[in-house]
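Each ligand, and each atom within it, is numbered from 1 in the order the structure gives. Bear in mind that the values here come from a model prediction, so they are computed numbers and not experimental data. Nothing fancy with the numbering, it's 1 onward along the sequence.
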Amino acid sequence: MNLFTTSSALKDYRLLDSGEGMKLEEISGVRVSRPSPQSIWRKRLANDEWMKATSTCSRTKEGGGQWQHLKPLPKEMWLRHEGKSGAIKCKLKFTTFGHCGIFFEQVPVWNWLEDQVLELKAKLGRAPKVANLFGYTGAASLVMAKAGAEVWHVDSSKGALEWGQENEKASQLGNIRWMQEDAQKFLITQYNKGLRLDGMLADPPSWGHGAKKEVWEFEKHMASFLDKSHAILNKKNAFMFLSSHTHGVQQEALKNVLAQDGRWKDLNCGDLGVQHANDDRVLPAGLFATGTC
Ligand SMILES: C[S@@+](CC[C@H](N)C(=O)[O-])C[C@H]1O[C@@H](n2cnc3c(N)ncnc32)[C@H](O)[C@@H]1O
């Protein structure tokens with residue numbers, strides 16, 4: 001199974017072209033060109049199409065991103081996503097890392113999560129309890145809350161949580177628990193308090209740090225992170241969605257770590273990516289594994 005975002009699924013986003021280390025997108029009406037290290041092929045669109053980009057991000061020596069805006073940006077930029085359970089709205093802002101508050105390859109993941117929540121709600125006869133770990137600005141949390149889940153959103157960044165709360169308000173939601181905490185600490189603390197979850201999404205970076213500077217390293221911490229994740233999940237059809245953007249970690253590696261000790265069943269894995277608007281290329285953007293326990 002692969003989960004690819006098709007540009008036509010979102011009216012506020014289109015991937016126009018990619019190549020030569022860059023991607024060309026239309027984000028909420030703004031034509032944007034920004035770095036895309038995976039794009040090792042040649043660009044397809046003519047140079048004059050790329051020259052129409054009014055916001056360009058280039059890599060700095062320190063590894064961050066520097067934006068140049070040839071035209072003032074709209075006062076506010078939003079992404080609207082229509083799910084089965086209603087629409088969510090997320091604010092878009094260009095950040096120093098060359099990001100904009102949304103990782104567009106996650107759109108089909110939102111749909112997958114919405115289906116899990118709807119199914120569980122019907123099975124359990126109550127609101128499923130779910131967590132979004134390393135949740136950033138919260139789009140997946142909003143989608144799961146719209147579908148009727150009780151959501152714990154966990155991220156170590158205060159800025160990401162404040163941004164998420166703005167998205168929650170714009171999406172006419174108000175019951176998500178926003179936790180500024182190290183993801184692993186959250187699992188230990190809440191397990192000890194007696195919380196048991198019906199589903200979990202984890203989209204960890206290769207490297208990061210918790211709210212109190214706890215170090216997170218994907219390869220080093222994944223197995224023990226999954227011990228804690230498994231412990232806190234109810235063993236009645238609870239779902240797990242795990243993704244990776246870590247160089248050298250392949251789909252089967254994610255599946256193997258979920259399979260350890262026979263804990264998760266119905267294992268699946270695949271690629272994440274974004275389909276171009278006008279041709280059939282997919283821009284790869286990580287991979288995932290899923291399972292139930
Ligand atoms: C790849 S982003 C997640 C993107 C998100 N899944 C989405 O689609 O919007 C990684 C996030 O992990 C957070 N983070 C990094 N280390 C963390 C840690 N130890 N505990 C909690 N959050 C952490 C960062 O602040 C960042 O927001």
### Task
Just need the protein heavy atom nearest to atom 8 (O) of ligand 1, so name the residue and atom and give the distance.
Q106 CG, 3.2 Å
## Note on the structure
In ligand 1, the atoms that come under 4.0 Å of a heavy atom of W216 are 19 (N)
### Task
Indicate, as side chain, backbone, both or neither, the part of F134 found under 4.0 angstrom from ligand 1 when only non-hydrogen atoms are considered.
both
## Note on the structure
among protein heavy atoms, the one nearest atom 19 (N) of ligand 1 is D182 OD1, 2.8 Å
## Note on the structure
of all protein heavy atoms, closest to atom 20 (N) of ligand 1 is A183 N, 2.9 Å
### Query
E166 and K169: salt bridge (charged side-chain N to carboxylate O under 4.0 Å, His left out), yes or no, with the steps?
CA-CA 5 Å; E166 207 179 340; K169 208 166 151 207; over 6 Å; no
### Task
For atom 15 (C) of ligand 1, state which one of P205, S157, G138, S141 supplies the nearest heavy atom.
P205
### Task
Assess the pair W110 and H81: is the distance between their ring centroids shorter than 6.0 Å?
yes
### Side-chain cluster (under 4.5 Å, hydrophobic types only) that V215 belongs to, other residues
W207
Donor-acceptor pairs under 3.5 angstrom involving side-chain atoms of residues 280-293: please list them, not counting sequence neighbours.
{"from": "R281", "atom 1": "NE", "to": "D279", "atom 2": "OD1", "distance (Å)": "2.9"}
{"from": "R281", "atom 1": "NH1", "to": "S18", "atom 2": "O", "distance (Å)": "3.4"}
{"from": "R281", "atom 1": "NH2", "to": "D17", "atom 2": "OD1", "distance (Å)": "2.8"}
{"from": "R281", "atom 1": "NH2", "to": "D279", "atom 2": "OD2", "distance (Å)": "2.9"}
{"from": "T292", "atom 1": "OG1", "to": "D266", "atom 2": "OD2", "distance (Å)": "2.5"}

### Query
Once the angle between the rings of F104 and Y13 is folded into 0 to 90°, is it parallel (under 30°), tilted (30 to 60°) or perpendicular (over 60°)?
parallel
### Query
Quick one: do D198 and K236 make a salt bridge, cutoff under 4.0 Å?
no
### Task
Do me a favour and list the nearest non-hydrogen protein atom to atom 23 (C) of ligand 1 with residue, atom name and distance?
S156 OG, 3.2 Å
### Query
Under 4.0 Å from ligand 1, counting heavy atoms only, is it the side chain of Y136, its backbone, both or neither?
both
### Salt-bridge present (E82, R80; N to O < 4.0 Å)
yes
### Query
Are the charged groups of R14 and E25 less than 4.0 angstrom apart, N to O?
no
### Query
Taking the non-hydrogen atoms of D155, is any one of them nearer than 4.0 angstrom to ligand 1?
yes
### Task
Heavy-atom contacts with E181 under 4.0 Å: which atoms of ligand 1 show up? List them by number with element.
20 (N), 21 (C)
### Task
Can you pull out the closest protein heavy atom to atom 5 (C) of ligand 1? Residue, atom name and distance to 0.1 Å, please.
D203 OD2, 3.5 Å
### Task
Give yes or no for whether the N/O distance cutoff of 3.5 Å, strictly under, is met between E214 and ligand 1.
no
### Message
Between ligand 1 and F103, is the shortest N or O to N or O distance under 3.5 Å?
### Response
no
### Query
Closer than 4.0 angstrom: is that true for some heavy atom of K185 and an atom of ligand 1?
no
### Structural part of Q184 in contact with ligand 1, heavy atom criterion under 4.0 angstrom
neither
### Message
Could you walk me through whether K146 and E114 satisfy the salt bridge (charged side-chain N to carboxylate O under 4.0 Å, His left out) test, starting with their C-alpha distance in whole Å, then the side-chain angles of each, then the deciding distance to 0.1 Å, before giving a yes or no?
### Response
CA-CA 8 Å; K146 272 276 168 192; E114 182 175 20; over 6 Å; no
### Task
Just jot down the ligand 1 atoms closer than 4.0 angstrom to any heavy atom of G210, in number order.
18 (C), 19 (N)
### Task
May I ask you to check if ligand 1 and T137 share an N or O to N or O distance below 3.5 Å?
no
### Query
Using heavy atoms and a threshold below 4.0 Å, how should the contact between H209 and ligand 1 be classified: side chain, backbone, both, or neither?
backbone
### Output field: ring centroids W264/F239 closer than 6.0 Å
no
### Message
Does this structure show an ion pair linking R42 with E20, if we count only N-O contacts that are shorter than 4.0 Å?
### Response
no
